[in-house]
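Here's the structure, in structure tokens; my notes come after.
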Amino acid sequence: MASRGLTSIGILEIRIDLGRKYLEKLSQLPSRDWLQEYELYLANALSLPEALALAHPENYDLNSLSNVIRGPRQFDPEIGRERCRAEVIWLYNCEVQASAADHVFPYSLGGPTVGSNKLLLCRRHNEMKANDIHLYPWEKGEPEWLTHCLRAIRRLKTSFTG
Ligand SMILES: [Zn+2]
């Protein structure tokens with residue numbers, strides 16, 4: 001799904017709709033048939049909300065303390081001189097220099113601390129960035145990190161059962 005050509009309202013409609021579907025899916029976690037659903041993901045038979053729900057930490061880490069799949073809680077504090085990327089979340093540009101690195105897909109929901117899930121923000125926008133999944137850029141399609149993340153969860157799950 002490309003965001004090009006969509007109006008802000010169109011983008012926000014997609015976000016509200018897929019955010020709602022994702023939250024509905026979360027009510028069924030942890031998934032009892034994770035491996036079966038993973039097979040469906042590999043066969044391209046899952047929607048994006050369903051696929052991202054497979055990455056939720058409740059599926060592999062019931063106390064959510066381990067960072068074995070997601071990596072450390074925080075990004076490297078080294079920011080450089082880049083601009084705030086507010087447009088990814090709020091759809092308007094901010095010219096202020098970035099001062100913090102946040103997760104595009106929230107860490108608490110399974111988003112890993114990797115470059116493709118990194119969002120540089122200024123102080124003000126970093127304060128505003130919540131874990132509200134309706135702000136997530138669903139319209140951009142599957143995030144780069146998801147395949148690797150789900151493969152790692154599968155490895156973790158199958159290592160317990162042999
Ligand atoms: Zn900003």
Side-chain angles (χ1 to χ4, degrees), residues 1-30 41 44 46-153:
M1 212 182 302
S3 56
R4 204 172 312 158
L6 285 168
T7 62
S8 295
I9 299 296
I11 290 173
L12 291 173
E13 275 175 358
I14 291 169
R15 292 186 181 185
I16 297 289
D17 184 44
L18 296 189
R20 180 182 58 77
K21 286 177 176 147
Y22 174 78
L23 290 173
E24 266 176 3
K25 188 71 191 164
L26 286 199
S27 66
Q28 299 156 21
L29 293 187
Y41 166 76
N44 278 319
L46 291 188
S47 67
L48 182 54
E50 288 170 330
L52 276 166
L54 283 182
H56 194 286
E58 271 185 51
N59 287 311
Y60 58 86
D61 175 19
L62 289 176
N63 60 24
S64 280
L65 292 176
S66 158
N67 59 17
V68 64
I69 302 292
R70 289 171 287 172
R73 177 72 189 80
Q74 308 277 354
F75 283 100
D76 190 315
E78 212 53 52
I79 300 293
R81 300 188 56 78
E82 289 180 64
R83 178 179 70 77
C84 171
R85 298 291 315 281
E87 73 275 10
V88 174
I89 302 296
W90 295 280
L91 312 178
Y92 63 86
N93 292 326
C94 169
E95 301 303 330
V96 178
Q97 194 175 314
S99 65
D102 207 336
H103 295 77
V104 184
F105 193 76
Y107 187 84
S108 61
L109 300 175
T113 304
V114 295
S116 62
N117 196 35
K118 185 176 175 176
L119 184 67
L120 294 177
L121 294 174
C122 69
R123 180 185 58 82
R124 206 178 291 274
H125 280 117
N126 188 45
E127 284 169 5
M128 274 196 264
K129 171 83 165 61
N131 286 353
D132 187 350
I133 207 60
H134 299 96
L135 291 175
Y136 179 71
W138 293 100
E139 75 283 356
K140 290 184 177 158
E142 182 173 327
E144 231 179 281
W145 52 265
L146 188 60
T147 297
H148 175 80
C149 182
L150 294 183
R151 198 184 300 138
I153 295 172

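Order of appearance sets the numbers: ligands from 1, and atoms from 1 within every ligand.
- Environment of CD in Glu144: sparse, with no more than 12 heavy atoms of neighbouring residues, nucleotides or ligands closer than 6.0 Å.
- Using modelled atom types and a 3.5 Å distance limit, the side chains of Thr147 and Tyr41 yield a donor-acceptor pair.
- If you count the protein N, O or S atoms nearer to the Zn ion (ligand 1) than 2.8 Å, you get 4.
- In this structure, His148 has no side chain to side chain donor-acceptor pair (under 3.5 Å) partners at least two apart in sequence or on a different chain.
- Every salt bridge (charged side-chain N to carboxylate O under 4.0 Å, His left out) that Asp17 has, sequence neighbours left out, goes to Arg20, Lys21.
- Between the Tyr107 side chain and the Gly71 main chain, a donor and an acceptor come within less than 3.5 Å of each other.
- Under the ring-ring contact (aromatic ring centres under 6.0 Å, His included) criterion, Phe75 pairs with His103, sequence neighbours left out.
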